[in-house]
Amino acid sequence: MGTSNPITLTVEAIVNKPVEHVWKVWTEPAHIKQWNNASEDWHTPHAENDLRVGGTFSSRMEAKDGSFGFDFGGTYDVVDLHETIAYSLGDGRQVKISFVAEGETTKVVESFEAEGTNPVDMQQAGWQAILDNFKKYAESLEQA
């Protein structure tokens, strides 16, 4: 369950691609497996996504050396095409992602409730690193 007074953290990035491209790269499992890691020594060998209110998603994040891995997943609460995705994680924490179209660029703003196990600054840095990796991958594609 989520905590009664959760700390909400926010990460953001400007992606130099139109919102339709950014949305597709963010939501399609084949793409998720390419960008969903915080560093080069991690990867996502499995991802599933049922992008609709009440739908679920899951991904498996693992260290490439096999030393550690975990499952990440939840249930969608809000899906507004090219604008907003909100979901509840298995432990009850809430996440919201906004996609703000700015001409040929898209501002991605991701807010999430921190968990109580790891330091807040470590969580902020980890989520920002994943978002930065998303930006790099999304911009490297000619067309999604």
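Predicted model only: the values in this text are computed from it and were never measured.
Taking the side chain as every heavy atom from C-beta outward, D77 and V53 never approach each other to under 4.5 Å. At a threshold of 4.5 Å between non-hydrogen side-chain atoms, the residues P29 and E48 do not count as touching. Using a 4.5 Å cut-off on side-chain heavy atoms (C-beta onward), N36 and W42 make no contact. For the pair M61 and D71, the minimum side-chain heavy-atom distance is 4.5 Å or more.
Note on V109: it does not cluster hydrophobically with F99, by side-chain heavy-atom contacts below 4.5 Å among ILVMFWY residues. In this structure, V22 is a member of the same hydrophobic cluster as L81, with clusters built from ILVMFWY side-chain heavy atoms closer than 4.5 Å. F70 is not connected to M122 by any chain of hydrophobic side-chain contacts under 4.5 Å among Ile, Leu, Val, Met, Phe, Trp and Tyr, and they are in different clusters. Follow the hydrophobic side-chain contacts under 4.5 Å out from V78 and you never reach V19; the two are in separate clusters. V79 is not connected to V100 by any chain of hydrophobic side-chain contacts under 4.5 Å among Ile, Leu, Val, Met, Phe, Trp and Tyr, and they are in different clusters.
No donor-acceptor pair closer than 3.5 Å links the side chain of E113 to the backbone N or O of V95.
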Audit row: T8, S111, side chain to side chain donor-acceptor pair (under 3.5 Å) steps and yes/no: CA-CA 6 Å; T8 300; S111 298; over 6 Å; no
side-chain contact (heavy atoms from CB on, under 4.5 Å) evaluation trace for E102 with I14: CA-CA 9 Å; E102 300 176 340; I14 302 290; 3.9 Å; yes
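In plain terms, the two heavy atoms of Q123 and R93 that are nearest each other are OE1-NH1, 4.4 Å. Residues S59 and T44 share a closest heavy-atom pair of CB-CG2, 3.9 Å. The two residues G54 and T75 come nearest to each other via the heavy atoms O-CG2, 3.7 Å. Residues L9 and A114 come closest through the heavy atom pair CD1-CB, 4.0 Å. Taking all atoms of both residues into account, the shortest heavy-atom contact from W23 to T27 is O-OG1, 2.9 Å. Counting all heavy atoms, side chain and backbone alike, H31 lies closest to L141 at CE1-CD1, 3.6 Å.
Ionic pairing of K17 and E139 is not present here: no N-O contact between side-chain nitrogen and carboxylate oxygen is shorter than 4.0 angstrom. Under a 4.0 Å N-O distance rule, the pair R60/E62 qualifies as a salt bridge.
Counted by atom type alone, D50 and T56 present zero donor-acceptor pairs between their side chains at under 3.5 Å. Residues Y76 and N49 have side chains that bring a donor and an acceptor to within less than 3.5 angstrom of each other.
Distance check, rounded to the nearest 0.5 Å: CG of D41 to NE2 of H43 gives 10.0 Å. In this structure, I85 CD1 and E110 CD are separated by 9.5 Å, a value rounded to the nearest 0.5 Å. Here OH of Y87 is found 10.5 Å from CD of Q94. Values are rounded to the nearest 0.5 Å. Q128 contributes atom CD, which lies 4.5 Å from atom CG of D132 (distance to the nearest 0.5 angstrom).
Aromatic ring orientation, F134 versus W35: perpendicular (interplanar angle above 60°, classes split at 30° and 60°). Ring-plane geometry between W127 and F112 is classed as parallel, the angle between the planes falling under 30 degrees on a 0 to 90 degree scale with a further cut at 60.
When the options E104, H21, K135 are evaluated for a side chain to side chain contact (heavy atoms under 4.5 Å, CB included) with N16, the one that passes is K135. When I97, V15, V11 are each tested for a side chain to side chain contact (heavy atoms under 4.5 Å, CB included) with L131, only one passes: V11.
Listed by chain and residue number, nothing satisfies the salt bridge (Lys or Arg N to Asp or Glu O under 4.0 Å) test with K33 (two or more places apart in sequence, or in another chain).
Within 6.0 Å of the NZ atom in K136, the count of heavy atoms belonging to other residues, nucleotides or ligands does not exceed 12.
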